[in-house]
Amino acid sequence: MKLATYCFCCKSPVRDVLRGSLLYSQPFIESFEETPMLVAVLTYMGYGILTIFGYLRDFLRHWKIERCYIAREKDKQRDFVPLYQDFENFYTRNLYMRIRDNWNRPICSVPGAKMDLMERASLDYNWTFEYTGRVVQDVINLGSYNYLGFAENTGPCAESAAEVTMKYGVGVASTRQEIGNLDRHEEMEILVAKFLGVESAMAFGMGFATNSMNIPALAGKGCLILSDELNHASLVLGARLSGSTIRVFKHNNMQSLEKLLREAIVHGQPRTHRPWKKILIVVEGIYSMEGSIVRLPEVIALKKRYRAYLYLDEAHSIGALGPRGRGVVDYFGLDPCDVDVMMGTFTKSFGAAGGYIAGKRELIEYLRSHSHSAVYATSMSPPVVEQIITSMKCIMGEDGTTIGCDRVRQLAENTVYFRKSLREMGFIIYGNNDSPVVPMMLYMPAKIGAFGREMLKRNIGVVVVGFPATPIIESRARFCISAAHTRDMLNRALSVISEVGDLLQLKYSRHRIQPSLARPFDDNVYEDIDD
């Protein structure tokens with residue numbers, strides 16, 4: 001539960017008094033309105049009641065009065081160490097199953113601004129589903145990460161991908177180091193490096209593996225990883241697999257980060273107090289559950305001051321931020337060379353699949369021979385590569401049109417309009433004003449399923465999110481805005497959201513967000529803080 005409101009607003013440039021350079025050259029506004037006390041109490045009560053009834057139903061299942069479909073130990077394994085008896089399994093049985101119909105909905109069209117869904121029904125309270133044969137058509141899609149609208153089956157991207165499929169086929173059936181290295185792979189990596197403004201880049205077939213398999217190649221025993229508390233699961237897994245010491249700093253909190261950096265420099269490694277072999281700061285561009293944007297100018301200033309390395313995950317920000325669509329570095333007008341490891345995915349703004357690592361040439365050459373994802377994984381599919389190349393050239397304007405620039409600008413306009421409208425309606429919205437990821441707080445468990453169902457009844461497809469993807473009482477709906485959304489679509493969606501919000505009493509906001517000027521980066525501001 002957020003118990004404070006944070007709104008950082010930089011109405012005039014804020015200067016780093018130590019270095020004399022501009023940290024922020026544009027407004028940087030993020031808000032996390034505090035949870036109303038009554039809502040928090042009712043949310044805890046709701047989960048408490050569900051938990052009590054859950055234990056009651058488990059008692060009935062134990063005595064075979066109620067049937068249980070979920071995985072559990074066999075009778076002859078009762079004396080073994082339990083495999084499934086943890087809280088997540090209890091949550092799945094008794095809470096998740098009640099609202100399971102809101103997830104894994106099958107789509108039978110391109111997931112563009114609108115989509116078609118296959119209708120399904122359950123006769124056993126969401127344990128199993130049956131298809132009715134009916135298709136729900138023209139559902140406005142507010143859930144896909146289709147930020148620039150390149151998830152489409154018509155246009156230059158789709159045509160180019162089809163041509164490449166006819167020439168190269170779909171599968172490569174080999175790794176890049178063997179005979180799976182196509183000329184299109186080489187062209188794509190050169191283009192990615194040019195797009196990001198760095199020396200070199202390499203691509204991987206899976207975005208999750210780009211993080212989880214490359215961080216272990218960059219850090220190991222004797223290294224320290226400083227990770228934002230809200231980093232994605234792929235970053236967390238990669239850090240754990242590396243064997244490095246991991247310390248977590250408060251979300252987007254530069255004082256907390258500097259405190260850890262100072263302690264790392266002063267005390268060194270545990271027991272031996274030897275200096276760390278390397279310190280790696282791991283952050284994301286846009287945090288996909290909070291809608292917040294990393295305070296990158298301050299992270300870079302701290303990284304330089306304490307001579308640490310910076311790993312930046314731009315899965316959601318690449319293509320979606322910046323005047324040229326080049327991510328959070330472009331958004332703040334910073335030098336890409338200040339970021340040691342630039343990571344991103346092609347699954348969102350580019351409408352494709354896979355991820356990339358970019359930076360200095362020495363870094364990329366090292367990863368080509370040391371990254372498990374590079375050495376052992378099958379090469380990226382040729383039509384996927386072509387989708388990336390065509391969409392990236394479109395964003396860069398190398399296709400001879402302004403379609404890419406127009407989409408970047410349209411996404412920014414849609415984001416500001418949608419966020420502003422929701423706030424004016426009285427909803428609690430998290431994140432940065434410029435983030436196309438828009439979390440709207442639901443809080444209470446019963447409202448998670450109710451909101452998703454009511455929206456779909458009105459032909460609006462949304463994503464609702466709860467535990468374990470969020471803290472247990474911070475359930476929310478997460479809207480992803482796209483450049484493909486027209487103003488009429490957004491107005492229709494906003495009208496329905498307002499209607500459902502009134503029905504479910506979701507307009508919790510008390511409009512108490514107080515802007516405060518961002519503070520200068522100096523020793524008086526970034527001092528030690530108590531946990």
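Everything numeric here is computed off the predicted structure, so don't read it as measured data. When reading the values below, keep in mind they use all heavy atoms of this one structure, side chains included, and skip hydrogens, waters and symmetry mates.
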Could you walk me through whether R492 and E499 pass the salt bridge (Lys or Arg N to Asp or Glu O under 4.0 Å) check? CA-CA 11 Å; R492 165 65 181 158; E499 177 186 342; 5.6 Å; no
Test salt bridge (Lys or Arg N to Asp or Glu O under 4.0 Å) on E290 and R476 and set out the steps. CA-CA 10 Å; E290 302 297 309; R476 63 198 68 180; 3.0 Å; yes
Yes or no on side chain to side chain donor-acceptor pair (under 3.5 Å) for H485 and N414, after CA distance, side-chain angles and deciding distance? CA-CA 8 Å; H485 289 138; N414 286 352; 5.4 Å; no
Under the salt bridge (Lys or Arg N to Asp or Glu O under 4.0 Å) rule, what do K250 and E229 come out as? Steps first, then yes or no, please. CA-CA 6 Å; K250 297 174 184 177; E229 66 178 343; over 6 Å; no
I'd like to know whether F418 forms a ring pair (Phe, Tyr, Trp, His ring centres under 6.0 Å) with F479, so could you lay out the CA-CA distance, the side-chain angles of the two residues, the decisive distance to 0.1 Å, and finally the verdict. CA-CA 10 Å; F418 192 80; F479 307 113; 5.5 Å; yes
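The two atoms that bring P111 and N141 nearest to each other are O-ND2, 3.4 Å, heavy atoms only. Heavy-atom minimum distance, Q137 versus D116: CA-OD1, 3.2 Å.
Without hydrogens or angle criteria, R478 side chain to M289 main chain gives no donor-acceptor distance under 3.5 Å. Using a distance-only test at 3.5 Å, with no hydrogens or angles considered, no donor-acceptor pair links the side chain of N146 to the main chain of A113. E314 contributes no side-chain N or O that, together with a main-chain N or O of M342, makes up a donor-acceptor pair within less than 3.5 Å. Judged by distance alone, with hydrogens and angles left aside, the side-chain atoms of T210 form a donor-acceptor pair with the main-chain N or O of M206 at under 3.5 Å. Judged by distance alone, with hydrogens and angles left aside, the side-chain atoms of K447 form a donor-acceptor pair with the main-chain N or O of L504 at under 3.5 Å. In terms of modelled atom types and a separation under 3.5 Å, the side chain of N126 and the main chain of M97 share a donor-acceptor contact.
Just one of L310, I281, L280 meets the side-chain contact (heavy atoms from CB on, under 4.5 Å) condition when paired with D340; it is L310.
Annotation: F427 is not in aromatic contact with Y508 [ring centroid separation under 6.0 Å not met]. You'll find the ring centres of Y96 and F467 outside the 6.0 Å limit. Between F350 and F150, a ring centre-to-centre spacing not shorter than 6.0 Å is recorded.
Salt-bridge annotation for R419 and E413: absent, with no side-chain N of the basic residue lying under 4.0 Å from a carboxylate O of the acidic one. Salt-bridge check for D330 with R324: passed, with a basic side-chain N closer than 4.0 Å to an acidic carboxylate O.
Geometrically, R120 does not engage Y131 in a cation-pi contact, judged by NZ or CZ lying under 6.0 Å from the ring centre and within 45° of the ring axis. Judged by a 6.0 Å distance limit and a 45° cone about the ring axis, R487 is positioned over the six-membered ring of Y417.
In this structure the side chain of V283 reaches within 4.5 angstrom of the side chain of L312, judged on heavy atoms. Residues N214 and M343 are not in side-chain contact: their nearest non-hydrogen atoms beyond the backbone lie 4.5 Å or more apart. Taking the side chain as every heavy atom from C-beta outward, L50 and P445 approach each other to under 4.5 Å.
Atoms CD and OG, from E424 and S498 in turn, are 11.5 Å apart once rounded to the nearest 0.5 Å.
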